[in-house]
There are 2 protein chains.
Amino acid sequence: MTGRRTSDDLKEVIRDFRRDQVIDVARRLFGERGTTDVSMDEIASEAGVARSTVYVYFANRGELLRACLQGMYSQLLEAIATTWEQEEEPGRRLERLIEEMLAVVDDSPAFFRLALVTQGTPANDGEVVGAELALIGLDIARLLHDLVVEGVARGVFRMLDPDVAISLIGQQIYGAMAVRAGEPMPRPRDEAAADTAQFILHGLAA
Amino acid sequence: MTGRRTSDDLKEVIRDFRRDQVIDVARRLFGERGTTDVSMDEIASEAGVARSTVYVYFANRGELLRACLQGMYSQLLEAIATTWEQEEEPGRRLERLIEEMLAVVDDSPAFFRLALVTQGTPANDGEVVGAELALIGLDIARLLHDLVVEGVARGVFRMLDPDVAISLIGQQIYGAMAVRAGEPMPRPRDEAAADTAQFILHGLAA
DNA sequence: AGTGATTCGGACGGTGTGTCCGATCCATGG
DNA sequence: CCATGGATCGGACACACCGTCCGAATCACT
């Protein structure tokens, strides 16, 4: 509403702003009540726009879901990146990594539950979201790979196939997230992360 | 009048038979393509009955889902029970337990994905199924509890809070199931179970 | 053959999605 | 000052699914 002159750049900005406006609302609602329970109607009205306008910015429900996931994802990656710089020791890094991922769960448990399910499903929402999730998984796997190699090099981890190790660690983290997503009153996040990390480290220990 | 009891019993049998007929189809379809993607129409026609007839046996979609889960569940418990008798050593029992659970996943991966999501959600399908899943979790937790106590008593596991141990083991298994449910071409089941069990046992080792 | 239960087929109202189009607002440029 | 074009609105439409209902047909048993 401020500003006299509108250039094409400004229109871009406005457009992005509108988009984010809808995405924010959708993320909140999806996070609170799950995806199947939130209609496009509700998102639109909550965001203060007409339903048809939402379809100007997102081709369909799936695209909106994808946008929400991408937002969650980039947020997560950013958090992990700073963690990665702050911590050096593999065990600490793992613990902080887990803590960041649990934070995502705490942020929007119901939404995360969706993320879990849709993995690999050819369902309506699923196919798009599943692909997105797979990419996230790959990125995290890369981080874990480096972490395992580093740990083995330092002699704190026993020798084992990095691929198997990644898979097992990933499974543990996945399970921790999923279980937490389902709990009405989860434990303090740092405690949970510490326990999980310690258990994994025991399993990896030399 | 004559043979009333037999007649009634027969009706019971027929009724159960019909029910199972629908449940079998539903389990297959849900397992193949997920729950959101299979309509009641399709289940009915695939089972060779009218849609309205399905609603004679199941109050709604949620009830049908519950019935499917219960079928899966009792099948799983039965398999575990025989395993439990065959195996004595905690490590072996754990490995076989995991193998049985992965078998459930292999049986109907898409369906199992549902089971994961709905946990704790107030979504339409979710609330009923979630409750069912919670019960299953409790039963499995009981088994794991005994297993941990036994392992500690034998001195093969290090001393740790059984509740924490159960939670961690559960998370690992949960993750293993979830990841496998999302994989198009999962590894041989026994290998996966062996790796997972071994990792857990390392984490528990004295 | 008669009777009661079971199943069928289809109609209905409700809800949600995605598409479409005219009406409206508003900044810009002539 | 007004015309123009883009963004937005609001609502209608077709489609799909769920759950309910009811009359008609079918079947099993006496």
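- With a 4.5 Å cut-off on side-chain heavy atoms, B:S108 and B:M72 count as touching.
- Defined by atom type and a distance below 3.5 Å, a donor-acceptor pair is missing between the side-chain atoms of B:R93 and B:Q86.
- Distance, B:L65 CG to D:dG19 C1': 15 Å, rounded to whole Å.
- At a cut-off of 3.5 angstrom, the base of C:dG18 holds no donor-acceptor pair with the side chain of A:R61.
- Taking 4.5 Å as the limit, some side-chain heavy atom of B:L147 sits within range of a side-chain heavy atom of B:L94.
- Atom CE in A:M40 sits roughly 13 Å away from atom C1' in C:dT19 (whole-Å rounding).
- The shortest distance between the side-chain N/O atoms of A:Y57 and the OP1/OP2 oxygens of D:dA7 is not below 4.0 Å.
- Computed from coordinates, the B:F58 CZ to C:dT7 P distance equals 12 Å when rounded to whole Å.
- Side-chain nitrogen and oxygen atoms of B:S52 include none within less than 4.0 Å of the OP1 or OP2 phosphate oxygen of C:dG9.
- Between the CD atom of A:E63 and the P atom of C:dG18 there is a distance of 10 Å, rounded to whole Å.
- When heavy atoms are screened at a 4.0 angstrom cut-off, A:V56 is found touching no nucleic acid atom at all.
- Counting to the nearest Å, the P atom of D:dC15 and the CG atom of B:D41 are 16 Å from each other.
- Note: OH (A:Y55) to C1' (C:dC21) measures 17 Å, nearest angstrom.
- In this structure, the CZ atom of B:F17 is 12 Å from the P atom of C:dT7, given to the nearest Å.
- A salt bridge between A:R96 and A:E89 is absent, with no side-chain N of the basic residue lying under 4.0 Å from a carboxylate O of the acidic one.
- Each of B:R51 and B:G48 was assigned the nucleotide of DNA chain C with the nearest heavy atom; the assignment lying further toward the 5' end belongs to B:G48.
- The phosphate of C:dT7 has OP1 or OP2 within less than 4.0 Å of a side-chain N or O from B:R18.
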